[in-house]
Amino acid sequence: MTTPKSVAGRLFTLLSVFSEQRPSANLSELSRSAGLALSTTHRLVNELVEWGALDRDDEGRYHVGLRLFELAALTPGSLGLRERALPFLEDLYEVTHENVQLAVRDGLEAVYVERISAHNAVNVVTRIGSRLPVHATGVGLAMLAHAPPDVQELALHSPMRTFTPKTICTPSALREKLARVRREGYAVSDGQIELITLSVAAPIRGPDDGVVAAVSIVVPNEGTDVASLVPAVRAAARGISRALRAPSAVRSPSRGTPT
């Protein structure tokens with residue numbers, strides 16, 4: 001990791017050490033991973049703790065603080081959208097008692113901004129704030145199929161991460177899949193992230209009729225009747241779309257190509 005020269009850059013570098021795989025770190029780990037001197041790391045970490053960006057536990061390990069969660073809730077990708085979508089997500093959950101997810105697109109990634117899950121629902125790898133590539137997820141395919149042409153072309157010509165033998169990994173397969181999503185009005189991602197799961201997703205449209213998000217349910221792959229799930233998912237997407245078109249709705253636009 002290249003050590004930035006500015007103070008702000010060093011703070012961001014420290015925060016970027018944390019991930020789903022590394023939810024906590026001690027001072028030495030932060031110093032080593034960020035490429036900063038231990039004294040510099042100590043000073044900057046203390047400032048982050050004082051501001052609330054980091055918390056320190058009794059064992060001397062640091063975790064991401066609630067202050068960052070509060071700021072994240074204000075992003076255009078979640079503000080307004082989550083509040084207006086939640087009643088429809090809850091309805092979809094009550095009908096299916098499966099994993100229900102809401103996501104927005106950030107470049108070529110689907111960012112999950114809300115999730116409802118039953119205790120006995122199939123295990124999923126996603127959580128609020130996590131990201132997965134659009135080519136390998138139901139919500140991602142539902143959004144990418146209606147993304148601007150330049151975004152679609154970027155997806156078609158970018159490396160496609162493979163998770164399972166079923167993951168879409170060629171431009172021709174992705175192009176065919178996107179055409180089918182546009183034609184049918186929903187997306188099915190069958191065993192692309194984990195072989196045991198299947199996702200059914202539908203696009204959510206904003207005030208200008210552009211696709212701004214997607215809703216999905218994730219169910220066990222084996223023995224699932226996809227056709228029986230599609231109407232409920234599409235109904236939820238239509239309901240959220242209508243709610244976003246209400247006069248007081250806050251628009252939640254998807255971002256364009258990644259920087």
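Listed by chain and number, the residues in a salt bridge (Lys or Arg N to Asp or Glu O under 4.0 Å) with Glu176 amount to none (sequence neighbours excluded). Remark: Thr126 pairs with Gln101 by the side chain to side chain donor-acceptor pair (under 3.5 Å) rule, at least two apart or across chains. By the side chain to side chain donor-acceptor pair (under 3.5 Å) test, Asp57 pairs with His63, sequence neighbours left out. Listed by chain and number, the residues in a side chain to side chain donor-acceptor pair (under 3.5 Å) with Asp55 amount to none (sequence neighbours excluded).
With contacts defined as side-chain heavy-atom distances shorter than 4.5 Å, the pair Val226/Val230 qualifies. Between Asn221 and Thr197, every side-chain heavy-atom pair lies at or beyond the 4.5 Å cut-off.
Connection of Leu86 to Val95 is not established within any shared hydrophobic cluster, with ILVMFWY side chains joined at heavy-atom distances below 4.5 Å, either directly or through further cluster members. Both Leu68 and Val49 belong to a single network of hydrophobic side chains, linked directly or stepwise wherever heavy atoms of I, L, V, M, F, W or Y lie under 4.5 Å apart. Val7 and Leu30 fall within the same hydrophobic cluster, defined by Ile, Leu, Val, Met, Phe, Trp and Tyr side-chain heavy atoms under 4.5 Å apart, directly or through other members. Both Trp51 and Tyr62 belong to a common hydrophobic cluster when Ile, Leu, Val, Met, Phe, Trp and Tyr are linked at side-chain heavy-atom distances under 4.5 angstrom. A continuous path of ILVMFWY side-chain contacts below 4.5 Å connects Leu38 to Leu14, so both sit in one hydrophobic cluster.
Counting only N and O atoms by type, the side chains of Ser33 and Arg22 include a donor and acceptor under 3.5 Å apart. Donor-acceptor pairing under 3.5 Å is recorded for the side chains of Asn99 and Ser117. Between Arg61 and Ser24, the side chains place a donor N or O and an acceptor N or O closer than 3.5 Å (distance only, hydrogens not considered).
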Checking Val212 against Arg205 for the side chain to side chain contact (heavy atoms under 4.5 Å, CB included) test, could you report, in this order, the C-alpha distance in whole Å, the side-chain angles of both residues, the deciding distance, and whether it holds?
CA-CA 6 Å; Val212 298; Arg205 297 183 179 275; over 6 Å; no

Step-by-step side-chain hydrogen bond (donor to acceptor under 3.5 Å, both in side chains) determination, Ser189 to Gln192:
CA-CA 6 Å; Ser189 180; Gln192 287 207 85; 3.1 Å; yes

Side chain to side chain contact (heavy atoms under 4.5 Å, CB included), that's the test. Do Tyr93 and Ile217 meet it? Break it down for me.
CA-CA 8 Å; Tyr93 169 78; Ile217 56 174; over 6 Å; no

Give the C-alpha distance, both sets of side-chain angles, the deciding distance and a yes or no for side chain to side chain contact (heavy atoms under 4.5 Å, CB included) between Val219 and Leu229.
CA-CA 10 Å; Val219 298; Leu229 301 175; 4.0 Å; yes

Evaluate side chain to side chain contact (heavy atoms under 4.5 Å, CB included) for Ile193 paired with Val218, printing each intermediate quantity in order.
CA-CA 11 Å; Ile193 299 295; Val218 182; over 6 Å; no

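Taking a 6.0 Å sphere around CZ of Arg180, one finds it holds 12 or fewer heavy atoms contributed by other residues, nucleotides or ligands. Heavy-atom neighbours of Arg161 CZ from other residues, nucleotides or ligands within 6.0 Å: at or below the threshold of 12.
Every pair tested for ring-ring contact (aromatic ring centres under 6.0 Å, His included) that includes a residue from residues 132-165 fails, sequence neighbours excluded, so the list is empty. The salt bridge (charged side-chain N to carboxylate O under 4.0 Å, His left out) contacts involving residues 162-173 comprise Lys166-Asp190, where partners must be two or more places apart or lie in separate chains.
In this structure, Asp106 contributes its side chain and Glu109 its backbone to no donor-acceptor pair below 3.5 Å. In this structure a side-chain-to-backbone donor-acceptor pair under 3.5 Å is present from Arg82 to Val113. Checking side-chain atoms of Thr167 against main-chain N and O of Thr162 turns up no donor-acceptor pair under 3.5 Å. Of the possible donor and acceptor atoms, none in the side chain of Arg67 sits under 3.5 Å from a partner among the backbone N and O of Ala53. The backbone N or O of Leu36 sits nowhere less than 3.5 Å from a side-chain atom of Thr40 that would complete a donor-acceptor pair. Formation of a donor-acceptor pair under 3.5 Å by the Ser31 side chain with backbone atoms of Ser28 is not found in this model.
If you take CG on Leu44 and OG on Ser39, they are separated by 9.5 Å, rounding to the nearest 0.5 Å. Atom-to-atom distance recorded for Leu108:CG and Met143:CE is 11.0 Å, nearest 0.5 angstrom. With values rounded to the nearest 0.5 angstrom, Leu198 atom CG is found 12.0 Å from Glu222 atom CD. Remark: Thr170 OG1 to Met160 CE distance equals 6.5 Å, nearest 0.5 Å. A distance of 8.0 Å separates CZ in Arg115 from OG in Ser130, rounded to the nearest 0.5 Å. The CD1 atom of Ile128 sits 9.0 Å away from the CD1 atom of Ile116 when rounded to the nearest 0.5 Å.
Applying side-chain contact (heavy atoms from CB on, under 4.5 Å) to Leu141 and the options Val188, Val134, Leu178 leaves one that passes, Leu178.
Taking every heavy atom of both residues into account, Ala213 and Leu81 meet most closely at CB-CD2, 3.9 Å.
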